[in-house]
Number of protein chains: 2
Amino acid sequence: MELHEEAAARLASAGQRYTPTRRRLVEILARAGTPLSLPDIVRRRRDLAQSSAYRNLAELESAGLIRRIASEDGSARYELAEELTGHHHHLLCSSCGRVQDLHLPTGLERRLEDTLDALARESRFASVRHRVDLIGLCRTCAPA
Amino acid sequence: MELHEEAAARLASAGQRYTPTRRRLVEILARAGTPLSLPDIVRRRRDLAQSSAYRNLAELESAGLIRRIASEDGSARYELAEELTGHHHHLLCSSCGRVQDLHLPTGLERRLEDTLDALARESRFASVRHRVDLIGLCRTCAPA
DNA sequence: CTTCCTGCAAAAGTTTTGCATTAAC
DNA sequence: GTTAATGCAAAACTTTTGCAGGAAG
């Protein structure tokens, strides 16, 4: 898998290793295809200590392999970085914290990007990315 | 102040009171003009218990008077609802969690809104609002 | 006098850290 | 052998809850 070579290379250039644990975290996130909470992740990897999960996720994030999303319920969700999965946005459930993927039409996406970049420059913000989310109630939490 | 009448009316119709504490919370948020964290708020109102702050903020939020924002650092920020301050977006500092206001040009805003609404419908999400944020480093946290 | 609001303290939930041990290079 | 990674347990931090006293309608 090219994904794992990419991962190993990026970690190596930061002086870190692509251990079996990290490989499995990447696999779990790749297989899920949607952002997972830490409990979600640990449930799929029962022998992994929470502290190791957090530490490895942080490591993978700073290597640019995964992305951490602040969910509405205060906890975080993790997914593969956009370089690996393509740029997209999210639907956030304000009740249960669930996160679902969302893709914008190219035209709007580009226009949005240009505007946000210009505004970031004006605001003297070193913008590393933008986030465009819908916030509401998912199917499970919505009243019938 | 019309603001306080509005606040009192909304709370009243939900069977709640516009107590001095709540009034001061609204004043603090109005004066700040930018989203505040809970420590920020308590610092400006030293005699207020944290639990009361949280409870009142939740109350004011469900009355539609204030809005809670999930910051990048995992904690929450609070600001007056958009009905009172106008629709806008945010710049989020991924290092210190600071939040700064941002306004989009009307044309882009409207187009964005239409598209997001359509997508929400397709995704069977009951969308109550959207959020468009820039995430990066604020002036204080950016390396020189 | 009934309902809501407050403060204190304790609990719950998420994330971080210290430290001794193990594994990778 | 040196450096990094792991697991366990404890700590830090944010937010929620229980309860008894106090204020408002």
Side-chain angles (χ1 to χ4, degrees), chain A residues 4 7-26 35-43 45-63 65-78 92 94-99, chain B residues 4 7-26 35-43 45-63 65-78 92 94-99:
Chain A
H4 294 300
R10 290 215 196 187
L11 284 170
S13 76
Q16 269 119 18
R17 301 164 191 161
Y18 197 45
T19 62
T21 299
R22 290 174 185 177
R23 190 189 177 97
R24 278 220 62 196
L25 286 174
V26 168
L36 300 179
S37 68
L38 194 106
D40 289 340
I41 292 169
V42 171
R43 213 172 293 127
R45 186 59 169 100
R46 292 235 183 84
D47 56 328
L48 178 64
Q50 280 208 354
S51 60
S52 296
Y54 276 114
R55 272 194 275 238
N56 282 312
L57 289 168
E59 214 54 78
L60 292 171
E61 189 191 15
S62 75
L65 287 167
I66 69 173
R67 173 178 166 189
R68 186 184 136 133
I69 303 157
S71 160
E72 284 296 286
D73 66 353
S75 64
R77 308 265 159 157
Y78 301 87
L92 308 174
S94 54
S95 171
C96 69
R98 193 179 149 210
V99 181
Chain B
H4 294 299
R10 291 215 196 190
L11 284 170
S13 76
Q16 268 120 18
R17 299 165 191 159
Y18 197 45
T19 62
T21 299
R22 292 175 185 177
R23 190 189 177 98
R24 277 222 61 197
L25 286 174
V26 167
L36 299 180
S37 68
L38 193 106
D40 289 340
I41 292 168
V42 172
R43 212 171 295 126
R45 183 73 168 86
R46 292 238 183 83
D47 56 329
L48 177 64
Q50 279 208 353
S51 60
S52 295
Y54 277 113
R55 271 194 276 239
N56 282 313
L57 289 167
E59 213 56 76
L60 293 170
E61 189 191 15
S62 75
L65 288 166
I66 68 172
R67 172 179 166 187
R68 186 184 136 133
I69 303 158
S71 160
E72 284 296 286
D73 66 355
S75 64
R77 308 265 159 157
Y78 302 86
L92 308 174
S94 54
S95 172
C96 70
R98 192 179 150 210
V99 181

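Every chain is numbered from 1, with letters handed out A, B, ... down the list of sequences.
Counting any heavy atom pair closer than 4.0 Å across all strands shown, B/D73 reaches no nucleic acid atom. Counting non-hydrogen atoms under 4.0 angstrom, B/Q16 reaches the backbone sugars and phosphates but no base. A/A76 comes within 4.0 angstrom of the backbone, heavy atoms only, and of no base.
When the side-chain nitrogen and oxygen atoms of B/R22 are compared with OP1 and OP2 of C/dC5, one or more of them lie within a distance under 4.0 Å. Neither OP1 nor OP2 of C/dC5 sits under 4.0 Å from any side-chain N or O of B/N56. In this model, the phosphate group of D/dT15 is approached by a side-chain N or O of B/Y54 to a distance below 4.0 Å at OP1 or OP2. In this model, the phosphate group of D/dA23 is not approached by any side-chain N or O of B/T19 to a distance below 4.0 Å at OP1 or OP2. Here A/S51 does not reach the OP1 or OP2 of D/dA9: none of its side-chain N or O atoms lies under 4.0 Å away. For A/S52, a side-chain nitrogen or oxygen approaches OP1 or OP2 of D/dG7 to under 4.0 Å.
Rounded to a whole Å, the CD atom of A/Q50 is 15 Å from the P atom of D/dT6. As rounded to whole Å, 8 Å separates atom P of D/dA5 from atom CG of A/L11. What separates CG of A/L36 from C1' of C/dT14 is a distance of 16 Å, to the nearest Å. We find that CD1 of A/I41 is positioned 10 Å from P of C/dT15, with the value rounded to whole Å. Between B/R45 atom CZ and C/dT6 atom C1' the separation is 11 Å, expressed in whole Å. Remark: P of C/dC4 and CZ of B/R23 are 22 Å apart, rounded to the nearest angstrom. Summarising the geometry, the separation between CG on B/L38 and P on D/dT15 is reported as 7 Å, rounded to the nearest angstrom. One can place OH of B/Y18 at 18 Å from C1' of D/dA23, the figure rounded to the nearest angstrom.
Counting heavy atoms from C-beta outward, A/Y78 and A/L60 have side chains that stay 4.5 Å or more apart. Counting heavy atoms from C-beta on, the side chains of B/I66 and B/L25 never come closer than 4.5 Å.
Nucleotides of DNA chain D nearest to B/P20 and A/A49 differ in position, and the one nearer the 5' end is that of A/A49. When the nearest nucleotides of DNA chain D are assigned to A/E59 and B/P39 by heavy-atom distance, the more 5′-ward of the two goes with A/E59.
Not a single donor-acceptor contact under 3.5 angstrom links the side-chain atoms of B/R68 to the base of D/dT15. For A/R55 against C/dG18, a side-chain-to-base donor-acceptor contact under 3.5 Å is present.
Residue A/L48 places its side chain closer to D/dG7 than to any other of D/dA4, D/dG7, D/dT6. Comparing C/dC4, C/dC8, D/dT15 by their nearest atom to the side chain of B/S75 picks out D/dT15.
Across every non-hydrogen atom of B/D73 and B/G97, the tightest pair is OD2-CA, 4.0 Å.
The main-chain N or O of A/Y18 is never found under 3.5 Å from a side-chain atom of A/R23 such that the two would form a donor-acceptor pair. Remark: side-chain polar atoms of A/R22 are not paired, donor with acceptor, to backbone N or O of A/N56 under 3.5 angstrom.
Taking OG1 from B/T19 and CD from B/E59, the interatomic distance works out to 10.0 Å, rounded to the nearest 0.5 Å.
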